[in-house]
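The analysis underlying the following values was restricted to heavy atoms, covering all of them including side chains, and did not include hydrogens, waters or symmetry mates. Naming convention: chains lettered A, B, ... in sequence-line order (proteins, then strands); numbering from 1 in each chain.
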Number of protein chains: 6
Amino acid sequence: MHRLQYDLLIRTALLEDLGGAGDITTEACVSPDAQGSFALAARVAGTIAGLDLAALAFRMVDPSLHFTRIVQDGDSVEAGAVIATIEGNAQGILTGERVALNFLGHLSGIATATRAVADAIAHTKCRVVCTRKTTPGLRAVEKYAVRCGGGMNHRFGLDDAVLIKDNHIALAGSITAALQRARARAGHLVKIEIEVDTLDQLAEVFAAGGADVVLLDNMTEAALRDAVALVAGRALTEASGGITPGRAASIAETGVDLMSIGGLTHSVRTLDIGLDVVQTN
Amino acid sequence: MHRLQYDLLIRTALLEDLGGAGDITTEACVSPDAQGSFALAARVAGTIAGLDLAALAFRMVDPSLHFTRIVQDGDSVEAGAVIATIEGNAQGILTGERVALNFLGHLSGIATATRAVADAIAHTKCRVVCTRKTTPGLRAVEKYAVRCGGGMNHRFGLDDAVLIKDNHIALAGSITAALQRARARAGHLVKIEIEVDTLDQLAEVFAAGGADVVLLDNMTEAALRDAVALVAGRALTEASGGITPGRAASIAETGVDLMSIGGLTHSVRTLDIGLDVVQTN
Amino acid sequence: MHRLQYDLLIRTALLEDLGGAGDITTEACVSPDAQGSFALAARVAGTIAGLDLAALAFRMVDPSLHFTRIVQDGDSVEAGAVIATIEGNAQGILTGERVALNFLGHLSGIATATRAVADAIAHTKCRVVCTRKTTPGLRAVEKYAVRCGGGMNHRFGLDDAVLIKDNHIALAGSITAALQRARARAGHLVKIEIEVDTLDQLAEVFAAGGADVVLLDNMTEAALRDAVALVAGRALTEASGGITPGRAASIAETGVDLMSIGGLTHSVRTLDIGLDVVQTN
Amino acid sequence: MHRLQYDLLIRTALLEDLGGAGDITTEACVSPDAQGSFALAARVAGTIAGLDLAALAFRMVDPSLHFTRIVQDGDSVEAGAVIATIEGNAQGILTGERVALNFLGHLSGIATATRAVADAIAHTKCRVVCTRKTTPGLRAVEKYAVRCGGGMNHRFGLDDAVLIKDNHIALAGSITAALQRARARAGHLVKIEIEVDTLDQLAEVFAAGGADVVLLDNMTEAALRDAVALVAGRALTEASGGITPGRAASIAETGVDLMSIGGLTHSVRTLDIGLDVVQTN
Amino acid sequence: MHRLQYDLLIRTALLEDLGGAGDITTEACVSPDAQGSFALAARVAGTIAGLDLAALAFRMVDPSLHFTRIVQDGDSVEAGAVIATIEGNAQGILTGERVALNFLGHLSGIATATRAVADAIAHTKCRVVCTRKTTPGLRAVEKYAVRCGGGMNHRFGLDDAVLIKDNHIALAGSITAALQRARARAGHLVKIEIEVDTLDQLAEVFAAGGADVVLLDNMTEAALRDAVALVAGRALTEASGGITPGRAASIAETGVDLMSIGGLTHSVRTLDIGLDVVQTN
Amino acid sequence: MHRLQYDLLIRTALLEDLGGAGDITTEACVSPDAQGSFALAARVAGTIAGLDLAALAFRMVDPSLHFTRIVQDGDSVEAGAVIATIEGNAQGILTGERVALNFLGHLSGIATATRAVADAIAHTKCRVVCTRKTTPGLRAVEKYAVRCGGGMNHRFGLDDAVLIKDNHIALAGSITAALQRARARAGHLVKIEIEVDTLDQLAEVFAAGGADVVLLDNMTEAALRDAVALVAGRALTEASGGITPGRAASIAETGVDLMSIGGLTHSVRTLDIGLDVVQTN
């Protein structure tokens, strides 16, 4: 992920926090030449994502601050672990703190949840992927956090792959019609995925020429197993719908290639990270 | 909340989803003149927030679509309830669906969590408030969702009130010094709040002339009760830190005026809302 | 292509043309209540693309103008053909004219050049595609124009497919290494294409497990024929490099699935379209 | 031309190319610490323009890259000439390559075409100028490229000079009326130019008090000669309309002061410039 | 002046005023369905400019509001005069009030000051013009207000005319050198103005071939008279520097063609305009 | 005030001045390698504000320029005093001059006017505050300038405090109703101010429970004295409406806590600051 893809987002967040009058508390209470050394510490165990964003948030407030990574994005840490340190002008550090932590906590929360699923299915060939159920404006960074947690990305948008869902099928008239139209429109570098709810639908997909990926929606483990058998390697198989971390292992063991979990990005639990003073002068 | 405060956010979300090539699935599978009628239905019970944003997401894709509210922001609904309908050009509805639902689910998730706490403390005078631990770029709309859920807003940014926290006190040298500096800087329409961890600190606050609000950080119910007694109406009291929904009632019963919960906005569980086809032609 | 993907581009172009003082000629010479009816006429034969952009350029200047399409995007017209009419306030029409025509001429120029190649290879299964050699800021609309001309789109950006080129191979160490790394990184909906210059390289691609598409760079027709034979349907084949319209048919007849031509977008010859007065009052 | 006039354009182009997922090929195939040295080499002879933009494109991707100019904007080079080198982190170079080359090729294409005309008319006093038929959003940089090629700029927009064309005359009622209105509205630093098709119209211009510049539209060389004689130094004369490079010399020899050629910017042939690896490690 | 040139400015001003929480006073005190009819009334006499901006400010807040002009931009009104009425939803009117009045008062203040000078010199041929000493971001609208007041515009920026000032002359080496360089660089539609402080400098200008306009800086009326005589119609003459309204007539009577007054835009006295309630329900 | 709050404003101002063609005078007359040393000197006495903005304007044009402060924001200087020096590339200095001076003159004008009032009331406890009658887009920087002049800020927008004015009271029905509604809506960190015209209204305010601040609108000194007595310390008192610098002292002596003066920001007289050449080579 490139800095150009999130620098404006950080600027927006800082301006949102500065408002019209700026950080009146820090301006009042902290001397302009006070220096400080602070630690960003995880209050609970988790997987880290977003250090570049946190660093840029501080540097955008004050380019003279020193941000030092103790761990790297993708690393898992214990409760209490120091993730990074930030040193320099104390006003700048306090003004940037909330925005830096909001990004870091949110993305690390995503990475942590993804890591849990990825670990739970590590004994299978199955990969966990995210969806387009992301926070508006944060898709690229949230998908990056999923990768930090050991997950893989699904589509980034409506544009980079065809995904035919139930409503498309209804409006196209049939699975066969939808697949034919999609193949005629899709460029040579665009893959086609189609959602099915039943084995009958799945059979129709292959009768109609198949697809690159089939999304098996809201199926039981038994149905998933049957679907994998029916597909027989002719397409990638993706389980989706209502997949909780608790069910992840048993679903992965059905033989599906992928499982997608919207909750990785639509129901994020922030990773609690705090800013502790180390020294001031 | 005014439309000007979120219209650019919706535009950004739609462009993020359209990417370079646009909605290639819908363009391929759905006829440009197909019409449809769809229902936005809650899959689980909850409190709704964000209907204006969902409506604008659809209308920004296609101004000719008809969005009809069945309930209003702030209403609580049962699982299965239809929240709104959307009718018109089917391509437009399918292209706008994900962005509309991402906003509606996220904000309704916040409203639902807030409603649960507000209900749990309704037998007391205590009010639940949110924090600045919001999703970058979404603060104004998330704070609106808190209000929809019966909560009240804390500061919108660093600028609209003074909030002296532990690091400010450390850098100012003492509670007394921090309060004096803050009073000298704050305009006549700016309130001052200060965070304390102990009753001794609380006593120092009033020895130093007091504040408009005192934030009682990470205190037990017993300590909160003592703090409320010590304050004796000279300031508003706000409990904060590690407040779970389960503890909300017992905290409210200590007599504090306010409780702030970062999790309302930093750990949102989306409200599951789907788009069901009603009719197509 | 959705309006949200180009409306800001049109606004930018209008502001670029209005500058600080606005359209001082029209303000001076044309009465504010003068009405006019004008025709957009092709001075030469060609294929039209960009009518929505031209219409929006006029409407952004004056929402009360009436723009009427006589032909549709993708239609081919003879020299002299009227493409559309624009009626209403004469000041608005004259102020919007240049921006509307700049878009329409540029995109129709792309469509016209694409149409010529598409027609030349219509007797084969080969399809013509464009590249990322587009005008900065105009990629989405230029790729749309290619589709209007009967072409197909290659990648929209660095993000929607893997395309391993000579420099990537050099830096990865070998074709085999590059392919392995790409497969490990690419999501399940991302296709992989690789560029080769020789049949030996092509053989290495398949020895290393193959790719979705092979780009056959700067090969003679004879070499292309050999490459197609070697690939034997295991991947799509794309001819690229120095393909002029004159060579298009003979290249297509080698059996390649695709030919990519950068010149469709990097060396555009505008389609000459003028604004003729029909009536004024 | 100042950097502030194009930096946002380059940022837009890079984001357009990075899309949501970024440069997945380079991320996969090239080690993050690989270094490289590359040469930007002209595949054909031409005049260079846009080195600052190419340099900024690379530096925006990676500020640590070293871009070294071998030639300067405005220099003409032979086929095969190295124009500049770029050294440093290989990932950054490959990610920035296409955007840098798209700008450099486009602007050098304009400079090259302008240079050809400027050279063809160098034995006369006539100067070649561009028009407002520019690519939307790129006007300032395209007009800069025209200057690099030895051309001069016409109006930058509707605002910086009055140019009365046929439609303005029609709506004003007459050449005389149009000129009178223009003089009443134009500030003291604004020049007035008027388009005429015939010698009769030209005579009316001077009967009505004259103009700073007269645009002689679509006239034969003989007509241009007569027009120049009629003007007799009372205004600058500009030939316009259908001027091909082949006709440039004979038109210049008619004695006109200026010739304007829309094709310099509306029908650009990119200058083929490639990125060749010099060394990697 | 076109709406596209100021709509973003109005949006920015409204967002600046709405801040994070929006208009909390109006939301609290005024019923969402209250209707009102209000008058925009001048508290003092003056010349009006900016009605389109005021109207758009209200309509951007609430597109259903009705704004009715009683006078037009450029009209002079007495104290107490009603300028326009605004009717409809009372919340929208109160929320938009301050921004609408800030624009209207500021621009009318400029028009009023300009009108005073224009009237004072109306018995001469001299015209009053503004400068580039404008409020950052508001140049186009401030220059429009000058025109509403009967003034004329000087340069809109550094780009639309050459204006050689003392520092340019110092750095070029001499007036002669500066003029030669300027002529070589300036396009055929660009006028050249040069600033002189003395008659000797003025003589050097004409010895060096002259200019389109000469700016006579900080001269007494006697010196201006001599300068006008020396110029003898070979260029336009512009008096500048320390021109107060009180001196305007005597300066105009020296025979100069123009006088420029920075204070028209750099020291604006707002025209006091208030919003009076007419009726509510 | 943080740089992020004004950097885009400076960029906008520079682009507004550069227009399409840039600084053609400086490009023509000044050698690209000319160096210069210039002084920013006050032509009249005043209080300085905006040095950071002036410095950034120059550095945005050319990051290599050296800007050296001789005085600091908030300092008062005599006529002729050098405020800062700017050294380096002469082209960059001349191109940035106007924008830098426009900001510096405007903000110093505000600081100077504020300083005059602050000094006039320094013998009382009364503080001078500004209003929301600011220049669109410049509110944050203008309010900063007020602080530089020894003033205090009123609301930054509609969002950071409740201010109930006459129209709100009219629409709420009564002072009592307006206050009740405001208290129910306002967060715990939001103060409430209410405007009254008479002592009867003031009495109603306290009968209805009081407010944090009462705005005493357009009252005579005698009425203000009575109002202060009636309030008796139960709220802060703010005199407002038609307060001229000449009346400031006598108003302050009535015992009011605050006086607000719209003219500080809505009728700014620029502080005349010029750029004098010190040395060139």
Side-chain angles (χ1 to χ4, degrees), chain A residues 1-2 4-5 74 114 125-132 136 139-140 143-144 146-148 150-164 182-195 211-216 231 233 235-240 256-260, chain C residues 1-2 4-5 74 114 125-132 136 139-140 143-144 146-148 150-164 182-195 211-216 231 233 235-240 256-260:
Chain A
M1 187 178 47
H2 195 276
L4 290 169
Q5 296 179 283
T114 308
K125 67 165 187 195
C126 184
R127 298 290 303 270
V128 58
V129 301
C130 55
T131 68
R132 278 168 51 244
R139 187 169 288 168
K143 290 199 170 256
Y144 166 77
V146 166
R147 297 199 299 274
C148 290
M152 208 162 66
N153 297 146
H154 210 289
R155 290 196 297 174
F156 270 71
L158 292 161
D159 61 321
D160 54 340
V162 168
L163 175 43
I164 304 170
R183 273 189 219 109
R185 167 72 173 77
H188 63 294
L189 287 172
V190 175
K191 287 199 180 178
I192 296 176
E193 179 167 3
I194 186 163
E195 175 187 314
D212 294 296
V213 189
V214 287
L215 187 153
L216 309 167
V231 172
L236 292 176
T237 50
E238 173 185 341
S240 184
V256 292
D257 299 295
L258 305 147
M259 70 175 64
S260 57
Chain C
M1 188 178 45
H2 194 276
L4 291 169
Q5 297 179 283
T114 308
K125 65 163 188 195
C126 184
R127 299 288 302 269
V128 58
V129 301
C130 55
T131 69
R132 280 170 48 244
R139 187 169 288 167
K143 288 199 171 257
Y144 165 78
V146 166
R147 296 199 300 274
C148 290
M152 207 162 67
N153 297 146
H154 211 288
R155 290 197 295 176
F156 270 71
L158 293 161
D159 62 321
D160 56 339
V162 169
L163 175 43
I164 303 171
R183 273 187 220 111
R185 167 72 172 78
H188 63 294
L189 287 171
V190 174
K191 287 199 180 178
I192 296 176
E193 177 166 6
I194 186 162
E195 174 185 315
D212 294 296
V213 188
V214 288
L215 187 152
L216 309 167
V231 172
L236 292 176
T237 50
E238 172 184 341
S240 184
V256 293
D257 299 294
L258 305 146
M259 71 174 63
S260 57

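Judged purely by atom type and a 3.5 angstrom limit, Asp257(A) uses its side chain to pair as donor or acceptor with the backbone of Thr237(A). With hydrogens and angles disregarded, no donor-acceptor distance shorter than 3.5 Å links the side chain of Lys143(A) to the backbone of Met152(A). Formation of a donor-acceptor pair under 3.5 Å by the Arg147(A) side chain with backbone atoms of Asn153(A) is not found in this model. Side chain of Asp212(A) to backbone of Ile192(A): a donor-acceptor contact under 3.5 angstrom is found.
Proximity to chain C (any heavy atom under 4.5 Å) is restricted, for Val129(A), to the side chain, taken from C-beta onward. Both the backbone and the side chain of Leu189(C) have a heavy atom closer than 4.5 Å to some heavy atom of chain A. At a 4.5 Å heavy-atom cutoff, the contact between Leu258(A) and chain C is made by side-chain atoms alone.
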